[in-house]
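The structure under discussion appears below in the form of structure tokens.
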Amino acid sequence: MSQRRKKNSSDGETKPRTSFVNKLFRSSKLRPTKAESRKKSNDLEAADFQPSDDTQKTENILDTAKPLTSEMELGSRMEKNEQFLQKLGRKAVNKCLDLNNCGLTTADMREVVALLPLLPDLEKLDISWNDLIGGTLHSLTQQMHLVSKLKILRLGSCRLTTDDVRALGEALEAIPELEELNLSWNSKVGGNLPLILQKFQEGSKIQTLELVDCDLTSEDGAFVGQLLPMMQNLEVLDLSINRNIGGSLNSIAQGLKSTSNLKVLKLHSCGLSQKSVRILDAAFRYLCELRKLDLSCNKELGGGFEDSSAQLAMLEHLEVLDLHQCSLTIDDVMSLTQVIPLLSSLQELDLSANKKMGGSSENLLSRLRFLPALKSLLINNCALQSETFTALAEASAHLPALEVFDLSWNKCIGGNLKLLLETLKFSESLQVLRLSSCSLVTEDVAVLA
């Protein structure tokens, strides 16, 4: 924000110095200012600003910082912090300090901590993907009470230590407005999750909880299940790549019954088994608002849908279903044939890398015609056969919204591509057609041309 002082023409005195926070975030050296609107001669001039659309940003904080003790201290602090932000190549916009992937060091963290007393209206703090700051989080959390309006805290891939985890748990009480917490890719979270989240109270405002690849234990999973009933506002839960929580799925599923506002549930590569489908199926009836369900890369899941997919059909708002690399069996496919066509809101379907689908999915693929909202269909590496490919080609004519179609690694397409292209030639939405390693012949290429 660009600001300047005026002089009083009558008495020669200068106007009071602009507050440090406004000067700190003026960004005059980083970006051009907008036209200034003049006020009365005794007022400061201030410029409106518009956040740039291009880079990650550090949001401007309103001019409510505590006054510094002297003009000299103010000027010195302003210069240091402007140099710090310029070094990181970041700009200032509203209420957000976004320093993710900046290569922050321990010394940089001291600079970040020094900023917090000046940012009382901060709502977003993102220092993710700075893997040199592990062990320094306590210095930051000690100042959390100064940013009590914080709504978003992202600490993904920061190599947090056990001490960091403990310090964070103690600090969360100081930010009761928190709506999003991302601790993904921090292995020390595993085994210590209660230290972080134990102070969450009933009625917590948390809407997004992301704990991807945190090396969570079975005990951590059970704790999540106990915690979920306190998180009535939860909309996004991502526990992906925690392979040890499959054993505590009963507890998690029981907790999910209390999260009726949940919109996104990701359990990618969580060590789920056949019986996991039955356990989750019992919870689906309570998740009426669910939009995205990711159960992918759980290779032991195969066979679980045979008798336990009925409640899946009740997810009438489901838009994304990801079952790739789940070792689906012939009986799974038969069961899903009855369910998937009923998901009328479905926009993305990923069944790829399920090779047993090849000769048993003719009815399922044929019934995809009942999903007119489908935008993305991934069936690559499914060992499709001529009959199943023909059924898919015919069904694709009834998918007017289809934008992405991936059929790669299905060898039967070679020599038969014309059948598919005849149905797709009238499509106005298709943007991506992937046909890698499909044994295409000269005739297929000619048809494409």
Side-chain angles (χ1 to χ4, degrees), residues 238 240-241 264-269 272 290-299 301-302 305 309 312 315 318-330 332-333 335-337 339-385 387-414 416-417 419-421 423-424 427 429-440 448:
D238 192 347
S240 297
I241 320 181
V264 176
L265 177 60
K266 295 183 179 181
L267 297 172
H268 163 91
S269 191
L272 303 187
L290 199 65
R291 291 336 193 240
K292 181 171 184 175
L293 177 61
D294 184 353
L295 301 177
S296 61
C297 294
N298 287 289
K299 296 182 180 180
L301 208 63
F305 288 97
S309 62
L312 186 62
L315 302 178
L318 194 67
E319 297 175 355
V320 179
L321 178 60
D322 191 345
L323 297 175
H324 83 266
Q325 204 169 342
C326 283
S327 302
L328 297 180
T329 66
I330 293 175
D332 287 330
V333 173
S335 181
L336 290 171
T337 298
V339 173
I340 290 179
L342 300 178
L343 303 174
S344 58
S345 298
L346 203 62
Q347 297 181 16
E348 300 179 25
L349 177 61
D350 190 348
L351 298 173
S352 55
N354 287 292
K355 294 186 177 182
K356 293 183 180 180
M357 282 185 56
S360 61
S361 58
E362 182 177 351
N363 288 335
L364 171 59
L365 299 180
S366 177
R367 297 188 69 187
L368 293 181
R369 68 185 66 210
F370 299 115
L371 301 175
L374 200 63
K375 293 182 179 181
S376 175
L377 180 56
L378 309 183
I379 312 186
N380 48 294
N381 198 19
C382 283
L384 295 183
Q385 298 179 7
E387 296 79 7
T388 51
F389 175 66
T390 299
L392 178 60
E394 293 174 352
S396 65
H398 303 277
L399 302 176
L402 195 62
E403 297 176 359
V404 178
F405 201 1
D406 192 347
L407 292 166
S408 299
W409 300 92
N410 288 293
K411 305 298 183 181
C412 73
I413 295 176
N416 295 305
L417 186 59
L419 179 63
L420 176 65
L421 296 183
T423 62
L424 292 178
S427 173
S429 301
L430 192 65
Q431 299 176 17
V432 178
L433 177 61
R434 297 193 180 103
L435 299 168
S436 301
S437 192
C438 284
S439 298
L440 299 184
L448 279 172

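Throughout, residue positions are numbered sequentially from 1 according to the sequence presented.
- L430 approaches V432 most closely through the heavy-atom pair CD1-O, 3.7 Å.
- L377 has its side chain within reach of L368: a pair of non-hydrogen atoms, C-beta onward, lies under 4.5 Å apart.
- Listed by chain and residue number, I413, L420, L421, L435, L440, D444, L448 satisfy the side-chain contact (heavy atoms from CB on, under 4.5 Å) test with L417 (two or more places apart in sequence, or in another chain).
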Test side-chain contact (heavy atoms from CB on, under 4.5 Å) applied to I330 and S361, step by step
CA-CA 8 Å; I330 293 175; S361 58; over 6 Å; no
Show every donor-acceptor pair shorter than 3.5 Å between a side-chain atom in residues 392-405 and any protein atom, with sequence neighbours excluded, or say none if there are none.
{"residue": "S396", "atom": "OG", "partner": "A393", "partner atom": "O", "Å": "2.6"}
{"residue": "S396", "atom": "OG", "partner": "T423", "partner atom": "OG1", "Å": "2.9"}
{"residue": "H398", "atom": "NE2", "partner": "R369", "partner atom": "NH1", "Å": "3.3"}

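- The OG atom of S360 sits 8.5 Å away from the CD atom of Q385 when rounded to the nearest 0.5 Å.
- Side chains of D294 and D238 form no contact here, defined as non-hydrogen atoms less than 4.5 Å apart.
- Here the NZ atom belonging to K355 is positioned 9.5 Å from the CD atom belonging to Q325, to the nearest 0.5 angstrom.
- Scanning both residues, S296 and H268, for their nearest heavy atoms gives OG-ND1, 2.8 Å.
- Side-chain contact between L321 and D350 is absent, with no heavy-atom pair separated by less than 4.5 Å.
- Contact of the K292 side chain with the E319 side chain is not registered, since no non-hydrogen atoms from C-beta on lie closer than 4.5 Å.
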Which is it for L342 and L312 under the side-chain contact (heavy atoms from CB on, under 4.5 Å) test, yes or no, and what are the steps along the way?
CA-CA 9 Å; L342 300 178; L312 186 62; over 6 Å; no
Let's go through K299 and S327 carefully: what are the C-alpha distance in whole Å and the side-chain angles of both, what is the deciding distance for side-chain contact (heavy atoms from CB on, under 4.5 Å) to 0.1 Å, and is it a yes or a no?
CA-CA 5 Å; K299 296 182 180 180; S327 302; 3.9 Å; yes
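- Donor-acceptor pairing under 3.5 Å is recorded for the side chains of K411 and S437.
- Between L265 and L290 there is a side-chain heavy-atom pair separated by less than 4.5 Å.
- Looking at heavy atoms from C-beta onward, L301 lies out of side-chain contact with L328 at the 4.5 angstrom threshold.
- Pairing each heavy atom of L407 with each of N410, the nearest pair is O-ND2, 2.9 Å.
- To the nearest 0.5 Å, atom CG of residue D322 and atom CG of residue L293 are 8.5 Å apart.
- The shortest distance between side-chain heavy atoms of V339 and F305 does not fall below 4.5 Å.
- Taking CZ of F389 as the start and CD1 of I379 as the end, the distance is 10.5 Å to the nearest 0.5 Å.
- What you find for L336 and L364 is that their closest heavy atoms are O-CD1, 3.9 Å.
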Applying side-chain hydrogen bond (donor to acceptor under 3.5 Å, both in side chains) to T329 and D332, what does each step give before you reach the verdict?
CA-CA 5 Å; T329 66; D332 287 330; 3.2 Å; yes
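- In terms of heavy-atom proximity, C382 sits nearest to A353 at SG-N, 4.0 Å.
- Side-chain contact between L295 and L272: present, with at least one pair of heavy atoms (C-beta onward) separated by less than 4.5 Å.
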Given side-chain contact (heavy atoms from CB on, under 4.5 Å), test S352 with N381 step by step and report yes or no.
CA-CA 6 Å; S352 55; N381 198 19; 5.7 Å; no
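- The distance from the CH2 atom of W409 to the SG atom of C438 is 9.5 Å, given to the nearest 0.5 Å.
- Distance check, rounded to the nearest 0.5 Å: OG of S376 to CD of Q431 gives 10.5 Å.
- A donor-acceptor pair is defined here as one N or O able to donate and one able to accept, closer than 3.5 Å; such a pair exists between the side chain of T337 and the backbone of V333.
- Considering all non-hydrogen atoms of both residues, L267 and N298 come closest at O-ND2, 3.0 Å.
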